[in-house]
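One structure is given here, and the rest of the page talks about it.
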Amino acid sequence: MKELPKIYDPKAVESKIYDMWTRGGYFKGRIDPDKKPFTIVIPPPNVTGQLHLGHAFDETLQDVLIRVKRMQGYSALWVPGTDHAGIATQIKVEENLRKEGISRYDLGREKFLEKVWEWKHQYGDRIVQQLKTLGSSCDWDRLRFTMDEGCSRAVREVFVSLYEKGLIYKGNRIINWCPKCRTALSDAEVEREDQAGNFWHIRYNVKDSDEYVVVATTRPETMLGDTAVAVHPEDERYKHLVGKTVILPLVNREIPVIADEYVDKDFGTGCVKMTPCHDPNDFEVGLRHNLEQILVLDEDAKINKNGGKYEGLDRYEARKQVVKDLEALGQLVKIEPHSHNVGTCYRCGTTVEPLTSPQWFVKMEPLAKEALEVVQDGRITFVPDRFVKNYTNWMENAHDWCISRQLWWGHQIPAWYCADCGHITVSRIDPDKCEKCGSRNIKRDEDVLDTWFSSALWPFSTLGWPDKTPDLEYFYPTSVLVTGYDIIFFWVARMIFSGMEHMKEVPFRTVLFHGLIRDDKGRKMSKSLGNGVDPIEVIETYGADALRFNIITGNSPGNDMRYYNERCEAMRNFANKIWNASRFVMMNLTIDKNELPEKLELEDKWILSKLNALTGEVNENLDKFELGIAANKIYDFIWDSYCDWYIELTKPRLNGDDETAKIGAQKVLLFVLTETLKLLHPFMPFITEEIWQALPHEGEALMIEKYPEFSEKINFPEDEAKFEIIMNAVRAVRVRRAEMNVPPSKKPHLTIVTDKKDIFEAGRVYLSKLAYAGELTITDTVPDTEGSVNVVTNDAKLYMPLAELVDLQKERERIEKEIKTAKDDLARTEGKLSNQGFIAKAPQAVVEAEKEKAQKLRDLIENLNESLSTLK
RNA sequence: GGACGAUUAGCUCAGCUGGUAGAGCACCCGCUUGACGUGCGGGUGGUCACAGGUUCGAGUCCUGUAUCGUCCACCA
C-alpha cells in the first residue's frame with residue numbers, strides 16, 4: 001500500500017488523473033444497442049475569451065449528470081464544442097486591431113476573417129483546456145464548432161429549406177440597429193433600460209388655417225422623417241382635422257392627419273407624430289394607412305440626405321439643433337422631463353435605433369405553435385417548472401426573427417441577387433447563374449446570419465445532421481440541456497422550434513435551468529466592475545473538486561448564488577478530510593480484496609445501513625435534479641457518520657489482538673469507503689479516483705464503476721436504532737464532561753445502569769473509548785452513587801465517580817431542570833395525542849411516532865427521577 | 001403595466017410532496033484523543049418579512065401588504 005501525504009494536494013493528482021481517463025477512452029460515447037443512450041450537448045462557450053465562473057457552474061452540473069448516468073450503465077455522451085459568437089468575437093478582434101491602428105475595412109473581408117480564425121484557434125483551444133481542468137468528461141473526439149464544416153452545412157440546409165417553405169423571407173421592415181456594431185439586431189438582442197429624457201411638445205400648424213396640433217415626442221430629431229400626424233378616430237377634439245394636412249416645421253413638408261385606433265386619446269395631447277421609418281408602432285400604422293416612408297438616419301445614426309440641412313449631424317447633435325431651431329421658430333410649446341425606455345445593444349450597450357432596412361426574417365408564428373405544445377404537454381420538462389410560464393409568454397408573443405447581420409464573421413447568407421432580373425436565388429450549392437433568368441450577373445448577399453441561428457441547430461447539427469448518421473439515430477433526442485435562465489429566449493426557445501421543424505422531434509427531454517453566479521456582494525460579475533472570479537485561479541488555490549462541490553451545494557435549481565472563497569476553503573477541507581480518512585483505512589489495511597465479512601458487529605450494521613439509506617436518498621435526489629441536496633447528504637455521511645463515528649468505532653478492533661475482528665473492521669471500512677467514493681465521484685471526480693486507484697479494487701477506473709443502488713442486503717433498520725441508543729449515551733456523557741470541563745485525559749470508572757444490557761455489551765469495546773471511561777460496568781442494579789456525576793438518557797442511567805467535581809446542590813438543580821424540560825415536552829406530546837382531531841386525521845405513522853416519543857419521554861423522566869433520588 | 005423570484009441563526013444559504021427549524025463560515029468553552037489542527041469534543045444564536053385564512057397541525061398551502069431583485073411589454 002502506498003504512502004499518502006498528510007495533506008491532499010490537488011495539483012499533484014488532477015492532470016495525472018485526467019490523462020489516465022483520457023488514455024482509457026472513458027469519455028467516449030459509444031453506440032451500444034444493449035444500453036440506453038444518455039446525451040448532453042454542451043452550451044457552447046463563446047470563443048471570445050476564457051471561461052468564467054458561470055461556465056464552471058454550467059459545466060459542473062453537466063459533468064455530474066453525465067458521470068452519474070455513465071456509472072448507472074447508460075451509454076453516456078457529452079458533446080463538447082464552442083460558438084463563433086458573431087458580434088462578440090468580431091468586436092474583440094476589431095478592438096485588437098485598433099490597438100495596431102487598423103480597422104477591419106483596412107484589411108478587407110478576407111484578410112479580416114483570417115485574423116478572426118487565428119483568434120478562434122487560440123481561444124478555442126484555451127477554452128477546451130479550461131474545460132478539461134474542471135474535470136469535464138466530454139467526448140473530445142466529437143468536439144464541434146458552430147462554424148465547422150458540418151455545422152455550416154446544417155445552417156445552409158436549414159436556411160434553404162425554411163426559405164423554400166416560405167418561413168424565411170426578405171423584407172424591408174423596421175429592425176433594431178446598433179450604430180456602433182453597424183448591424184441589425186433581433187428583438188432578443190436588445191436590452192431595455194430607463195433613461196431620463198424629455199418630452200418635447202411641438203406645434204404643427206394646420207395648412208391654410210389658424211389651427212394647430214401639438215405633438216409630444218421623446219426623440220424630436222425623428223420629426224424630420226414624419227409623414228403624418230395621427231389622432232384617435234373618436235376624439236372629438238380632432239375629428240374635424242382628419243383628412244386635412246399639417247405643415248411639418250423646419251422641413252415644411254405637408255403631411256396628412258390620419259385617424260387610427262392605436263392612438264390613446266387620454267395620453268399626452270392625443271396627437272401623435274408618425275415616423276414610420278423610425279418607430280415600430282408608427283411603422284405598423286404607416287402600413288395601414290399607406291404612409292410614405294422617409295428614412296432620415298444612416299448606419300452610423302447620423303442624419304442622412306433626407307434630413308436636409310441637418311445632414312451629417314449625429315442623432316444627438318441633430319436633436320439639439322432641431323430643438324433649438326424649433327424654439328427659434330416659436331414652434332416649441334414646452335419641455336417636460338420624462339423618463340423613458342430605450343433599447344440598447346446587448347453587446348456594446350449603445351442605444352439602438354429603430355429603423356427600416358432590408359433584412360432577412362424567420363416567420364415565427366407557424367414555428368411557435370408546436371414549440372408551445374411540446375412544453376405544455378410535457379414532452380419537454382423544465383426544471384424548475386416556473387420557467388414554463390416565462391417561455392410560454394415569450395413564444396406566444398414572438399415577433400418575426402431578424403436573422404441577418406451586417407457583419408463579416410459568421411455564416412454568410414446563401415442568397416444571390418440577379419443584377420438583371422432582380423430575382424433572388426437561394427441555394428444549397430453556390431450557384432453560378434440566376435435560377436430564373438440564367439444571367440451570370442449575380443452577387444452573393446454580403447450579410448451573415450445571427451449567431452443564434454446556428455446555435456439553434458446545435459443539438460442535432462453536432463450529431464451529424466443533415467446527414468442521417470448513426471450518432472443522430474442513437475443519441476438524438478438529447479436527454480438533458482443544462483443552461484442559465486438568461487438565455488431561455490436566445491437559445492432554448494429556438495432550439496425547441498428548430499428541433500421540431502427539422503427533426504420532427506424534441507431536441508431534449510429536460511431542461512435544467514440554473515441561476516447566475518454573483519460576487520460576494522450579490523452583484524453580477526462583469527469586466528467593468530472588475531469583480532470577476534477566474535475559475536482557473538480558484539482551481540489553482542483550492543482544487544477542481546473543491547470548486548465543483550462549492551458550486552453544486554448550497555444552491556437550489558434556478559436560483560442565483562453568490563461566490564465565496566470561504567466556501568471553497570470549506571470544500572477543500574472536506575476533500576482533505578476524505579483524503580485522511582482514506583489514509584487511515586489504507587494504513588490499517590492488511591487485506592487485498594474488497595468484500596464484507598461474514599460476521600457483522602452492531603456498529604458495522606449501523607454504518608452499512610446508514611450507507612444504504614444514503615444511497616437511496618442520493619439516487620432519489622439525483623433523479624429530481626436536486627444535485628445540491630444529494631451532494632450535501634454525501635458530505636454529512638462522510639464527515640459525521642463515517643469519520644466522526646465509524647472510524648473511531650473501529651479503532652479498538654483494529655488495534656486489538658483479535659485477528660478476525662481486525663479483518664472484519666478492515667473489510668467494512670474498505671467496503672463503505674469504496675461505495676462512498678462511488679457516490680461522491682460525479683461531484684468530486686479527481687480525489688475519488690485517486691483514492692480508489694490506491695485502494696484494493698477490481699476494474700480499471702472508478703469513473704466506470706457501477707453507481708451504488710439501494711440494497712436490502714445491507715439494510716438493517718433495527719440495528720441502526722439499537723446503535724443509536726449507544727450513541728445517545730456517548731453524547732450524553734460528552735455533554736456532561738464538557739459542562740464540567742473534564743479533560744479527555746481524565747478517565748473515570750463508568751457505570752451504565754440499563755435494562756438493555758445486551759445492546760451496551762455489544763458496544764463495550766469502543767464505548768469506554770468514546771465515553772472516556774477508565775473501567776466500564778454494565779449492570780441493571782444501581783450501584784453506590786456516592787459522589788457520582790449522573791448522566792441520563794431514555795435507555796440508561798450512567799454514573800461517573802467525580803466526587804471532586806460534584807456540587808450536590810447544582811446537580812440536583814440540573815436534574816430538576818431536565819425533568820421540567822422533559823415534562824413540558826411530554827405535556828405537549830400528550831396534548832397532541834389527546835386531541836381527537838389529531839388522532840382521527842393525522843397519518844398513522846405520525847401518530848405512532850408521537851406515541852413513541854411520549855414513551856421515550858416517560859422513560860427519560862423515570863430515569864431522571866431515579867437518578868435524582870439516588871443522588872448523594 | 002404584467003409575470004416571476006427572494007425575504008429563515010451575526011454572514012451566505014438549504015429545508016422535496018404541511019407534523020414545533022438545519023449546514024458552512026463567524027463566535028464562545030475545552031482538547032498534542034497515534035487519519036486529519038484544512039482537525040476533535042461541546043456550546044451560544046432563529047416569535048422562519050408582515051397581516052389574515054385553510055388545517056388537528058404551516059417556514060412549508062391560499063389571499064393580501066411591504067422591501068429587494070429579475071424578466072417581459074409599442075403608450076408617442
Side-chain angles (χ1 to χ4, degrees), chain A residues 4 6-8 192 199 215-219 222 230 262-264 266-275 279-285 338 340-341 354 384 386-387 389-390 392-394 397 485-486 488-489 515-516 520 522 542 546 550 553-556 558-564 566-567 569-588 620-621 624 626 628-629 632 635-636 643-644 647-648 651 655 730-731 734-745 769-770 772 825 828-829 832 835-843 845-847 849-850:
Chain A
L4 296 180
K6 250 181 152 174
I7 289 191
Y8 173 60
R192 298 268 156 191
F199 246 156
V215 299
T217 179
T218 53
R219 295 186 302 153
T222 62
Y262 157 71
V263 180
D264 180 351
D266 305 317
F267 186 82
T269 60
C271 296
V272 190
K273 62 190 267 311
M274 288 291 121
T275 322
D279 183 283
N281 300 306
D282 297 4
F283 181 78
E284 294 300 324
V285 174
H338 177 75
H340 64 136
N341 219 245
R386 63 180 137 97
F387 291 110
K389 208 163 187 172
N390 242 354
T392 306
N393 187 41
W394 186 82
N397 301 304
Y485 62 75
D486 52 330
I488 182 164
F489 308 134
L516 274 40
D520 56 355
Y542 302 105
N550 178 17
T553 56
N555 160 262
S556 52
N559 285 2
D560 291 355
M561 69 182 299
R562 297 187 194 196
Y563 174 83
Y564 281 89
E566 288 81 351
R567 259 184 73 84
E569 203 173 308
M571 295 313 153
R572 177 207 57 187
N573 294 354
F574 175 54
N576 194 241
K577 187 73 182 172
I578 301 164
W579 184 256
N580 277 289
S582 308
R583 210 160 65 87
F584 171 81
V585 173
M586 286 181 215
M587 281 164 46
N588 285 286
E620 274 171 34
N621 281 292
K624 290 189 292 187
E626 290 282 2
I629 295 178
N632 261 324
Y635 178 101
D636 289 342
C643 293
D644 288 347
I647 283 185
E648 294 307 318
K651 282 179 181 173
N655 300 329
V730 169
R731 287 198 194 101
R734 284 176 178 169
V735 169
R736 283 273 52 220
R737 292 177 59 109
E739 278 169 7
M740 299 188 304
N741 278 337
V742 185
S745 51
K769 174 181 156 62
L770 299 184
Y772 314 99
D825 244 20
R828 212 171 302 132
T829 308
K832 258 190 181 178
N835 180 333
Q836 283 309 88
F838 178 73
I839 298 292
K841 292 179 183 171
V846 176
V847 177
E850 219 47 43

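Below, read A as the first sequence line, B as the second, and so on, with proteins coming before strands; counting in each chain starts at 1. This is a predicted model, so every value here is computed, not measured.
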Counter-base of B/rU7, judged by Watson-Crick or G-U geometry with both distances under 3.5 Å: B/rA66
Nearest-Å distance for atom pair CG/C1', residues A/D264 and B/rG1: 13 Å
Exercise: identify the closest heavy-atom pair between A/T269 and A/V215: OG1-CA, 4.1 Å
Nucleotide B/rC72, atom P - distance to NZ of A/K389 in whole Å: 17 Å
Pairwise P distance for B/rG39 and B/rA26, with rounding to whole Å: 10 Å
Watson-Crick or G-U wobble mate for B/rG1, both contacts under 3.5 Å: B/rC72
Heavy-atom pair with the smallest gap, counting every atom of A/R219 and A/K273: O-NZ, 4.3 Å
Pair assignment for B/rG46, Watson-Crick or G-U wobble, requiring both distances under 3.5 Å: none
Sugar-phosphate only, base, or nothing, as touched by A/V263 at under 4.0 Å among non-hydrogen atoms: base
Sugar-phosphate, base or nothing in reach of A/Y564, heavy atoms under 4.0 Å: sugar-phosphate
Distance in angstrom units between A/F489 CZ and B/rA3 P, rounded: 15 Å
A/H340: ring pair (Phe, Tyr, Trp, His ring centres under 6.0 Å) partners, not counting sequence neighbours: none
Sugar-phosphate, base or nothing in reach of A/C643, heavy atoms under 4.0 Å: base
Can you check nucleotides 14-17 of chain B for protein contacts, nitrogen or oxygen pairs under 3.5 Å, and list what you find?
{"unit_1": "B/rA14", "atom_1": "OP1", "unit_2": "A/S556", "atom_2": "OG", "d": "3.3"}
{"unit_1": "B/rC16", "atom_1": "O2", "unit_2": "A/K624", "atom_2": "NZ", "d": "2.6"}

Sugar-phosphate only, base, or nothing, as touched by A/Y262 at under 4.0 Å among non-hydrogen atoms: base
A/N580 side-chain N/O to A/K6 backbone N/O, donor-acceptor pair under 3.5 Å: yes
Pairing partner (Watson-Crick or G-U wobble, both distances under 3.5 angstrom) of B/rG22: B/rC13
Residue met sooner reading RNA chain B from 5', once A/K273 and A/R562 are mapped to nucleotides: A/R562
A/K577 to A/Y635 six-membered ring, cation-pi geometry met (6.0 Å, 45°): no
B/rG5 and B/rA49, which share atom name C1', separated by this distance in whole Å: 15 Å
Distance-minimising heavy-atom pair for A/A581 and A/I647: CB-CD1, 3.8 Å
Length of the line joining A/D636:CG and B/rA23:C1', which is rounded to integer Å: 7 Å
Sugar-phosphate, base or nothing in reach of A/N588, heavy atoms under 4.0 Å: nothing
Gap in Å between the two C1' atoms, one belonging to B/rG52 and one to B/rG41, rounded: 47 Å
B/rU17 and B/rA6, which share atom name P, separated by this distance in whole Å: 13 Å
B/rU44 to B/rC29 separation - P atoms, rounded to the nearest Å: 15 Å
Sugar-phosphate, base or nothing in reach of A/A570, heavy atoms under 4.0 Å: sugar-phosphate
Position toward the 5' end of RNA chain B (nearest nucleotide), A/Y635 or A/I647: A/Y635
A/D279 side chain to A/T275 backbone, donor-acceptor under 3.5 Å: no
Donor-acceptor pair, side chain of A/N621 and main chain of A/E626, under 3.5 angstrom: no
Kindly give the atom pairs (protein nitrogen or oxygen, nucleotide nitrogen or oxygen) under 3.5 Å for nucleotides 28-34 of chain B.
{"unit_1": "B/rC29", "atom_1": "O2'", "unit_2": "A/N741", "atom_2": "OD1", "d": "3.4"}

Touch class at under 4.0 angstrom, heavy-atom based, for A/N393 against every strand present: sugar-phosphate
Rounded C1' spacing from B/rC4 to B/rC74 in Å: 22 Å
Atom C1', compared across B/rU20 and B/rG46: separation rounded to whole Å: 13 Å
base_contact_polar (B/rC36 base, A/K577 side chain, donor-acceptor, <3.5 Å): yes
B/rG39 pairs with, by Watson-Crick or G-U criteria that keep both distances under 3.5 Å: B/rC31
Separation between the C1' atoms of B/rU8 and B/rG15, rounded to whole Å: 9 Å
Min side-chain heavy-atom separation A/D282-A/M274 under 4.5 Å: yes
Any A/T553 side-chain heavy atom under 4.5 Å of A/R567 side chain: yes
Nearest non-hydrogen partners of A/F387 and A/I488, listed with the distance: O-CD1, 3.8 Å
Between B/rC25 (P) and A/R567 (CZ): distance, integer Å: 10 Å
Separation of B/rG69 P from A/Y485 OH (nearest whole Å): 14 Å
Touch class at under 4.0 angstrom, heavy-atom based, for A/V735 against every strand present: sugar-phosphate
Spacing of A/I488 atom CD1 relative to B/rG5 atom P, expressed in whole Å: 13 Å
Under 3.5 Å: donor-acceptor pair, side chain of A/N397, backbone of A/N393: yes
Whole-Å distance separating the CG atom of A/N341 from the P atom of B/rC71: 12 Å
